[in-house]
Number of protein chains: 2
Amino acid sequence: MLRMSKLTDYGTLILAHLSGTGDELQTAADIAGRTGLGVPTASKLLKILGKAGLVTSVRGSHGGYQLARSADQISAAEVIDALEGPVAITVCSNGVGNCEIESLCLVGSAWQRINVAIRRALKDVSLAQLTVTTGTDYPLIDLTSAVRPEEQHLGKDGSH
Amino acid sequence: MLRMSKLTDYGTLILAHLSGTGDELQTAADIAGRTGLGVPTASKLLKILGKAGLVTSVRGSHGGYQLARSADQISAAEVIDALEGPVAITVCSNGVGNCEIESLCLVGSAWQRINVAIRRALKDVSLAQLTVTTGTDYPLIDLTSAVRPEEQHLGKDGSH
DNA sequence: TTAATTCGGACCATTTTAGTACCTTTTGCG
DNA sequence: CGCAAAAGGTACTAAAATGGTCCGAATTAA
């Protein structure tokens, strides 16, 4: 759950690094060196981040990269969007209502709702917050309303 | 984000189907037919779900499968655990403190915190709730405390 | 013009995922 | 007892995603 690819991790790392270097331009090679990533990999990620509008780039000699906005104006949701792409849950491809596996649509849409909820929560977490080292307390997430207000009396089993 | 494999979707589908058939035993072939899945695939999934303790099985002729508990006693977190396995974010493998990419640990742990929070929320969503078709309202998730109480005044950009 | 850089692809190796098959074990029933 | 109908386990193969690399084109400062 919440499986992230390595590249997403690396991308976050780059963004974190960039958020600590003011507004000086940093070359891809530079960033690679500081983060420990390979130059081609860092370069690739920077392109992706650039396309997503999270970093700005200056071409030509003396060019480089820079955070497009301050770290507290970049949300975790944007970071994930940029690096993982918009992720779709296996949806029935026949259009709503006419799929042969009727129930798949329903189940799929349930996960989808949860997905949306999580994504929404991630919009309120900033890159700046992500890079904070301290803060061992875990977030509170309430999904109960995702599923319908009335069913809330159950649960409470404490299993597994 | 929240990338789920097809099998997880299928598995949920099977569970959803099973939650609608009382306590009669259903053969793998039966379930496959009703859900539209291939028999080998359904069979494979049922084995996995069985091992995870979400369904019980009866062997021998006249055997079959059955939900191990009622649908509201099975949490979404368990479903994901069973089908996706315990998922770890790319962690630095050198042990905390001595990884060459120092910041990777930190960033990784941030995602980890978020991961934990999400998983916790998923524990409160039951299979029964997942299969409810109505309920178009989305869940509320609050990640702010995941990152530190004091930083809460930011955000509010409404970008993208 | 030359050197430093980003940009945009294409490309390939490795890993994951999905699906299938085969054989074993268990159990009801004639 | 012996057969048939089931689940259980394992291993295998094909396809897709992932991670990583490289190369040529475009851009710009000196």
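Chain A is the first sequence line, chain B the second, and so forth, proteins listed ahead of strands; every chain is numbered from 1. Since this is a predicted model, take the numbers as computed values, not measurements.
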Give the rounded distance in Å between these two atoms: [atom1] of [X] and [atom2] of [N].
{"X": "B:Ile14", "N": "C:dA18", "atom1": "CD1", "atom2": "C1'", "value": "14 Å"}
{"X": "B:Ile31", "N": "D:dA7", "atom1": "CD1", "atom2": "P", "value": "8 Å"}
{"X": "A:Lys44", "N": "C:dA10", "atom1": "NZ", "atom2": "P", "value": "13 Å"}
{"X": "A:Leu45", "N": "D:dG20", "atom1": "CG", "atom2": "P", "value": "9 Å"}
{"X": "B:Lys6", "N": "D:dA15", "atom1": "NZ", "atom2": "P", "value": "13 Å"}
{"X": "A:Leu46", "N": "D:dG20", "atom1": "CG", "atom2": "P", "value": "15 Å"}
{"X": "A:Leu83", "N": "D:dA17", "atom1": "CG", "atom2": "C1'", "value": "16 Å"}
{"X": "A:Gln66", "N": "C:dT6", "atom1": "CD", "atom2": "C1'", "value": "14 Å"}

Query raised in the report: When rounded to the nearest 0.5 angstrom, what is the spacing between CG in A:Leu25 and CD1 in A:Ile31?
Result: 9.5 Å
Query raised in the report: To the nearest 0.5 Å, what is the distance between OH (B:Tyr65) and NZ (B:Lys47)?
Result: 7.0 Å
Query raised in the report: Salt-bridged, B:Arg69 to B:Glu78, with N to O below 4.0 Å?
Result: yes
Respond yes when some side-chain nitrogen or oxygen of [X] is under 4.0 Å from OP1 or OP2 of [N], and no when none is.
{"X": "A:Thr41", "N": "D:dG19", "result": "no"}
{"X": "B:Thr27", "N": "D:dA5", "result": "no"}
{"X": "B:Ser5", "N": "C:dA18", "result": "yes"}
{"X": "B:Tyr65", "N": "D:dG8", "result": "yes"}

Query raised in the report: Contact class for B:Ala29 (heavy atom, under 4.0 Å): base, sugar-phosphate, or nothing?
Result: nothing
Query raised in the report: At under 4.0 Å between heavy atoms, what does A:Gly64 touch on the DNA or RNA strands: base, sugar-phosphate, or nothing?
Result: sugar-phosphate
Requested in this report: Identify, between A:Thr8 and A:His62, the residue whose nearest nucleotide on DNA chain D lies closer to the 5' end.
Outcome: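 Residue closer to the 5' terminus by nearest nucleotide: A:Thr8.
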Query raised in the report: Quick one: the side chain of A:Lys47 and the base of C:dG8, do they pair up donor-acceptor inside 3.5 Å?
Result: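 Check passes, donor-acceptor contact within cut-off.
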Query raised in the report: Between the base of C:dT27 and the side chain of B:Arg59, is there any donor-acceptor pair under 3.5 Å?
Result: no
Query raised in the report: What's the closest nucleotide to the B:Ser61 side chain, out of C:dG28, D:dG20, C:dT6?
Result: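 Selected nucleotide (nearest to the side chain): C:dG28.
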Query raised in the report: For the side chain of A:Pro40, counting heavy atoms from C-beta on, which of D:dG19, D:dT21, D:dA7 is nearest?
Result: D:dT21
Query raised in the report: Linking I/L/V/M/F/W/Y whenever their side-chain heavy atoms sit closer than 4.5 Å, directly or via other members, would A:Leu15 and A:Val58 fall into one cluster?
Result: no
Query - Residue mapping more 5' on DNA chain C - nearest nucleotide basis, A:Lys51 or B:Gly38 - result: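 It is A:Lys51 whose nearest nucleotide is closer to the 5' end.
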Report task. Using the side-chain contact (heavy atoms from CB on, under 4.5 Å) rule, pick out the option among B:Thr12, B:Val55, B:Leu18 that qualifies with B:Leu49. Result ->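 Among B:Thr12, B:Val55, B:Leu18, the one that satisfies the side-chain contact (heavy atoms from CB on, under 4.5 Å) with B:Leu49 is B:Val55.
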